[in-house]
Every structure is written in structure tokens, then in C-alpha cells.
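To start, the structure itself, in C-alpha cells.
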Amino acid sequence: MIEALWQNIDYVASVLLFCIGLYAMITKSNLIKKFIGLNIMETSVFAFIVALGVVEGGDAPIMGVGASPPFINPLPQSLILTGIVVAVSTTALALSLIIRIHKQCGTIEADELREME
Amino acid sequence: MKRAAVIVLLVVVAIPLVLAMADLPPYGSPDSPAYTHVGAYYLEHGVEEAGAENIVTDVILNYRGFDTEGEVTVIFTAMAAVLAVLMASRGGGEAGTRPPLTPPSVVVRFVVRVMAPLTLMFAVYVIMNGHITPGGGFQGGTIVGAVFIALTLVLSERDATRLIPNRPERVLQAAAPIVYCLIGLLGLALFDVYLGYPRTEEMGLLRTAMLVTLEIGIGVGGATVIATIFRTMGSDQ
């Protein structure tokens, strides 16, 4: 068990990162900090999936002169590129909503906003 | 009390995840299921079927072209939503006279001005060579967007708005979806499939041209979207 975990330490690191992001999302009341927490969670998932495609001693999957196998799995990388773009889009939208909230209510602390209702 | 509850929750979340990680095939093993099915096929046939030496570009633009078309639509939609959220509340414009957000030091101004053309050149290289080297439209577009953001920080608002020409700006923002649709329709006209590419080597030049056009469209669109989002957020006080 411990041996298997040590072998997969890269995956365990992404679990750790996921928990850090979750902690930030739950405990912080500042909305921007909450969304940075969400971004950390997204990053941990990206790191995990890209790490799944790694092969021992593999090269970047770019054919051409001098390229020799083994190559790293190209599929996770392209999927994660899509994921990163979507993450950027959601972050941009969330930040603009926070700006709007700040303008309307004068605060971006979640607990103060709740009291306002 | 609350702190203890949070820690308990985190442990409860972490334990099953860590257990699952221990059960996965070892890191870097070439026999793992993720590596032996689709990925192996792409590595073997990617260059001849899809036409780009960079297999990641093959997957993004050819094998999963529809996915990427949806993706460029997502960033365009996000920009539209940001504009809708922030522009709705804007008072009438006294824009154009405001100095930069924080007056930058001479060092920052000088470095940004020297670096900007070189960085732009690197971005063009990344976009144009996305099919044979690491990079591509999204990556290069992000670099161009970063250059715009850096320049916005040192220039006055009036000069910063002139970085992107005003009249074609709306078209440039939608460049990625538009170029994607055009290339898709070209494929429909030539090969009877939306986003169809030539499958044989004789038409390799046309295939490369289509891939590079897509990369340029994605790069221009991505850069304009990032610059627009940043400017909309920054100019809105």
C-alpha cells in the first residue's frame, strides 16, 4: 500500500493540491479567494490527467527528424488544453461577476453579503 | 469547532482519493490502459492521417476538431458574457484621459517596451509552427494577450485602446469561430464532410495550409479575447 503510494507520488500530490483548493473554497469568505481555490482544484485535476499520460523516458509526441519512441501519450495533453481554456473562461466570467457585485454591494465578503439580504 | 469540521471533511475527501491513487497502474508505466488504446493509435497513424508532426495538434485540430470548435466558441461566449455583465452598468464615457492604473517606474516602462516586439515575434513563431513544434494557436494567442496586458500597464488608456484597431475589433474577437466555420465549410465543399481534411499525401500542402489557417485564426481570436476581457475589467471602476 505505502509502496504503491510512493510509486504514484505524482498522483498523490494532485490529491493534496485538490484538498488545498477545497480548503480555500470552504473556509475563505472573500469571493476572489474562493475562485482562486476553485482554480487550484482545477489545476490539480489537470496535473493528474497530464501525469496519467507520462511514460518512463518518453519524449514529447512530436514526430520528425530524430524522434524516437517511446512517446508521451498525446491524448491527455490535448484534452487538458481544452480544459484549461474552459477554466480561463469560467474564471474571467466569475471575476467580472465579482467586480459587478463589488460595485452593487460595496463588498465581496460572502458573509457580509449574506447579512445584507 | 468549525475548523475541526473542515479538517474532518478534508480527510474524508482525501482518503478515498488516496486509496484510488494507490490502485492506479504505476506512474510512467507503458502498459497502463490510458496508454495502450487510443493514444497508441494516434502516435502510430497521426502523422499520415492528420498531417501534422505534432501529434497534440493532430488531436486538437483534426481528430477532435469539433471539440475545439466548441472550445473557441466557449471563449468567445465568455468574452461576450464579461462584456454584458460589465458594460451594462457603465456610466457614460469620460474614457481616454485616465493615466495608467499605477504610474510605472522608468525601469518597468523601458523593459516592457524593449520586450514587447521580441515577445510578439516569439508568439508569431509559436502560432505558425504549432504543427511541427510545441505550441499552437491557443498558446501563441495567450502570449500575444500577455503582451497586450503588459503594454496596457505602461501606456495611458488612450494609447492602450489604439493597440487593437477599433474598426475590425469586433471581427477579430470572433476570429476563431469564424475561421473554424470557414475551414469546416471548405472541408464540406471539397470532401463532403464538415471539417473534412484530405487524407492522402498528394494534398498534404492543402492540409497543412488548413491547419495553419486554423492556428492563426485561433491565435488572433484568443489574443483579442484576452486583451478585451482584461481591458473591460481594468477600465471599469
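In what follows, chains carry the letters A, B, and so on, assigned in the order in which the sequence lines appear, proteins first and then strands, with residues in each chain numbered from 1.
Within the 4.5 angstrom heavy-atom criterion, atoms from both the backbone and the side chain of A51(A) approach chain B. In this structure, chain A has heavy atoms under 4.5 Å from both the backbone and the side chain of Y35(B). Looking at V15(A), the atoms closer than 4.5 Å to chain B (heavy atoms on both sides) all sit in the side chain, from C-beta outward. Contact annotation for L79(A): only side-chain heavy atoms (C-beta onward) come within less than 4.5 Å of a heavy atom of chain B. I229(B) touches chain A through its side chain: at least one heavy atom from C-beta onward sits under 4.5 Å away, while N, CA, C and O do not. Of the atoms belonging to T77(B), not a single heavy atom falls under 4.5 Å from chain A.
Considering all non-hydrogen atoms of both residues, V85(B) and R100(A) come closest at O-NH1, 2.9 Å. Of all the heavy atoms in A22(B) and A4(A), the pair that sits closest is O-CB, 3.5 Å. Across every non-hydrogen atom of V59(B) and S78(A), the tightest pair is CG1-OG, 3.2 Å. For the pair C19(A) and L10(B), the tightest heavy-atom approach, listed with the atom from each and the gap, is O-CD2, 3.7 Å. Smallest separation of non-hydrogen atoms from I62(A) and P134(B): CD1-CD, 3.4 Å. Taking all atoms of both residues into account, the shortest heavy-atom contact from P25(B) to Y11(A) is O-CE1, 3.9 Å.
Side-chain contact between T232(B) and S96(A) is absent, with no heavy-atom pair separated by less than 4.5 Å.
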Please determine whether side chain to side chain contact (heavy atoms under 4.5 Å, CB included) holds for the pair L22(A) and V13(B), giving the CA-CA distance in whole Å, both sets of side-chain angles, and the decisive distance to 0.1 Å. CA-CA 9 Å; L22(A) 191 62; V13(B) 170; 4.0 Å; yes
Give the C-alpha distance, both sets of side-chain angles, the deciding distance and a yes or no for side chain to side chain contact (heavy atoms under 4.5 Å, CB included) between K2(B) and T27(A). CA-CA 9 Å; K2(B) 197 181 160 203; T27(A) 54; 6.0 Å; no
Evaluation steps, side chain to side chain contact (heavy atoms under 4.5 Å, CB included), between L81(A) and Q139(B): CA-CA 9 Å; L81(A) 184 65; Q139(B) 295 88 333; 4.2 Å; yes
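Rounding to the nearest 0.5 Å gives a distance of 14.5 Å between CE of M21(B) and CD of Q7(A).
By the 6.0 Å contact criterion, NE2 on H102(A) is open, its count of non-hydrogen atoms from other residues, nucleotides or ligands being 12 or less. The number of heavy atoms from other shown groups lying within 6.0 Å of CG (L206(B)) is above 12. The number of heavy atoms from other shown groups lying within 6.0 Å of OH (Y194(B)) is above 12.
Between chain B and the options V85(A), T90(A), V86(A), L97(A), the largest number of non-hydrogen pairs under 4.5 Å is found for V85(A). Considering only heavy-atom pairs separated by less than 4.5 Å from chain B, the leading option among I26(A), D10(A), I2(A) is D10(A). Counting heavy-atom pairs closer than 4.5 Å to chain B, the top residue among T82(A), L75(A), V54(A), L93(A) is T82(A). Your options are S32(B), G39(B), P30(B), and the one with the most heavy-atom pairs under 4.5 Å with chain A is G39(B). The candidate from I60(B), L19(B), V38(B) with the greatest count of non-hydrogen atom pairs under 4.5 Å with chain A is I60(B). Chosen from L17(B), V74(B), I55(B), the residue pairing most often with chain A at heavy-atom distances under 4.5 Å is I55(B). In terms of heavy-atom pairs under 4.5 Å with chain A, the best-connected choice from V56(B), T133(B), I7(B) is V56(B). With chain A as the partner, the residue from V6(B), L24(B), D23(B), V47(B) showing the most heavy-atom pairs under 4.5 Å is L24(B). Per-residue counts of heavy-atom pairs under 4.5 Å with chain A were compared for M79(B), R64(B), R3(B), H131(B); the largest is that of R64(B).
Between the side chain of N8(A) and the backbone N or O of Y27(B) there is at least one donor-acceptor pair closer than 3.5 Å.
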